[in-house]
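Okay, structure first, notes after.
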2 protein chains.
Amino acid sequence: MEEKNYCYKYPHPAVTSDCVIFGFDGVAIKVLLIQRGIEPYKDKWAFPGGFMQIDETVEECAKRELEEETGLKTTSVEQFYTFSDVNRDPRERVITVAHYALVRLEEVKGGDDAMSAQWFAMNEIPSLAFDHDRILRIAVNRLKERICFEPIGFELLPEIFTMSALQNLYEAILEMKFDRRNFYNKMLKLGILSEAEERPKNASRRTPIKYRFNAKKYAELKQKGFRLEF
Amino acid sequence: MEEKNYCYKYPHPAVTSDCVIFGFDGVAIKVLLIQRGIEPYKDKWAFPGGFMQIDETVEECAKRELEEETGLKTTSVEQFYTFSDVNRDPRERVITVAHYALVRLEEVKGGDDAMSAQWFAMNEIPSLAFDHDRILRIAVNRLKERICFEPIGFELLPEIFTMSALQNLYEAILEMKFDRRNFYNKMLKLGILSEAEERPKNASRRTPIKYRFNAKKYAELKQKGFRLEF
DNA sequence: ATATCTTTGCGTCAAATTAACGCAATAAAG
DNA sequence: CTTTATTGCGTTAATTTGACGCAAAGATAT
């Protein structure tokens, strides 16, 4: 018989944080899911997440649960919506604050044996536990909006990347195709890319220029107010 | 001695919903505040809001509390951020889901005797209870972002309005000035305004054209994906 | 009354931006 | 060895933006 030692005058819901983690493999956007080991929804796939402790914020909770369940240590998650439908969890009243983060695929040893975390391409997502399908839909919309205003995409790429890698990423997220030459010009004109390494003199046309994200230039731009548009 | 009948195995936070209600008096943006009648922060101004009941969503809670505290019945509120700092309420651990809504000023009998709700212009906001200063800052930012993508501004105007009333609203929210003629052209080109009434033949130049928001046209536009820009 | 200021509708025009596409070099694939 | 794909660097026309002109006539001040 379990003890219930925390008592209140009025009913309180439980609060959880969930994490929608996006990655990019060079071709498609992927999300990180874990397979539930316990009821409810045992064996179903779900987002990493769990109950908030009484002495942590929802963001701290999201990062803690993410690391516990997937081994992934991320510096920042961003909350995007709080789901509070009355019956979203069969155990008790639970509201969840959903977060998202963008990570480089290498950072997760996905498909580990210890952790049952696994990357899924957007078109291969299995049926999810709880209301996580809805959470995913909203997360994807938020990602699409966000990428047009902040250069968060760089968090998904290796530190050094080519222009076509960047274009592939934008095309994958926004589900659009862009003219290669116009994309190239637009990105360069923004001024937030720096050439990453000296180009060898013998470099041929087919050897692409390598870039890195210039956070300093971006900060200046942001100060003035600007917009990344597509 | 009060009874505490709701017991849990782990500590649970209380959950509240707060409402940042925006209005527009033709010149300035205003927000609706209530004066607290009880501790903590007794007599301080705060956003309408209160504890979520166990059988309602956070949005339902926001609307219910708003009506209870200000008499304002609004059809929709939109949540924009969940505040979860550990010590944001001295009584117990409370996380709050903050919402915003835009209403026409007439709809609130502000400054009533019964209700201590009152409209404040943005530059006359008193010091607020809890972390409500921070909530307001974030709400204002969200409003600015939002007005550029969705024509939510119409919710703040009377059903029938003139172009310069609309421009005043945008200028008040975005804290910018626009060229009257360019604003006029841009708005008309969007195609989401309809002329509200036949213009009398004897109408002079100084009699402005009256418009109303064309929700149908807007829905069509939104389908295709578009952007309201300033 | 008379002069001045303000508001409104409607336009103009140059500058900037966008969108579509050409071309040559050359690595990679068949 | 031929074909295909990728990359850097353009060009050009269409569109959009931003700054501003102008006249009619109500509002305001003298």
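Lettering follows sequence order; numbering is per chain, from 1.
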**Asked** Think A/Tyr184 has a side-chain N or O under 4.0 angstrom from the OP1 or OP2 of D/dC9?
**Response** yes
**Request:** Would you classify A/Ser164 as touching base, sugar-phosphate or nothing, given that sugar-phosphate means primed atoms plus P, OP1 and OP2, and contacts are heavy atoms under 4.0 Å?
**Result:** sugar-phosphate
**B/Thr74 versus B/Ala101, closest heavy-atom pair with distance** = OG1-CB, 4.5 Å
Nucleotide N/O to protein N/O under 3.5 Å, stretch nucleotides 18-22 of chain C:
| from | atom 1 | to | atom 2 | distance (Å) |
| --- | --- | --- | --- | --- |
| C/dA20 | N7 | A/Asn182 | OD1 | 3.4 |
| C/dA20 | N7 | A/Asn182 | ND2 | 2.9 |
| C/dA20 | N6 | A/Asn182 | OD1 | 3.3 |
| C/dC21 | N4 | A/Asp179 | OD2 | 3.4 |
| C/dC21 | N4 | A/Arg181 | NE | 3.4 |
| C/dG22 | N7 | A/Arg181 | NH1 | 2.6 |
| C/dG22 | O6 | A/Arg181 | NE | 3.4 |
| C/dG22 | O6 | A/Arg181 | NH1 | 2.8 |

**Request:** Mind jotting down which residue pairs meet the salt bridge (charged side-chain N to carboxylate O under 4.0 Å, His left out) criterion with at least one end in residues 26-35 of chain B? Sequence neighbours excluded, please.
**Result:** B/Asp25-B/Lys30
**Partner residues of A/Gln35 under the side-chain contact (heavy atoms from CB on, under 4.5 Å) criterion, sequence neighbours left out** = A/Asp43, A/Trp45, A/Ser116
Give the table of side-chain donor-acceptor pairs shorter than 3.5 Å for residues 182-193 of chain A, with sequence neighbours excluded, one pair per line with atom names and distance.
| from | atom 1 | to | atom 2 | distance (Å) |
| --- | --- | --- | --- | --- |
| A/Asn185 | ND2 | A/Arg181 | O | 3.2 |
| A/Lys186 | NZ | A/Glu229 | O | 3.4 |

**Asked** Who pairs with A/Tyr170 by side chain to side chain donor-acceptor pair (under 3.5 Å), at least two apart in sequence or on another chain?
**Response** none
Whole-Å distance separating the [atom1] atom of [X] from the [atom2] atom of [N]:
X	N	atom1	atom2	result
B/Phe183	C/dT8	CZ	P	13 Å
A/Tyr211	D/dT7	OH	P	11 Å
A/Leu193	D/dG8	CG	P	12 Å
B/Leu188	D/dT16	CG	C1'	16 Å

**Asked** Is a donor-acceptor pair below 3.5 Å formed from side chain B/Arg206 to base D/dA25, judging by atom type as modelled?
**Response** no
In residues 145-159 of chain B, what donor-acceptor pairs under 3.5 Å come from side-chain atoms, sequence neighbours left out?
| from | atom 1 | to | atom 2 | distance (Å) |
| --- | --- | --- | --- | --- |
| B/Arg146 | NH1 | B/Glu78 | OE1 | 3.0 |
| B/Arg146 | NH1 | B/Glu78 | OE2 | 3.3 |
| B/Arg146 | NH1 | B/Tyr100 | OH | 2.7 |
| B/Glu150 | OE1 | B/Tyr218 | OH | 2.9 |
| B/Glu150 | OE1 | B/Lys222 | NZ | 3.2 |
| B/Glu150 | OE2 | B/Lys222 | NZ | 3.3 |

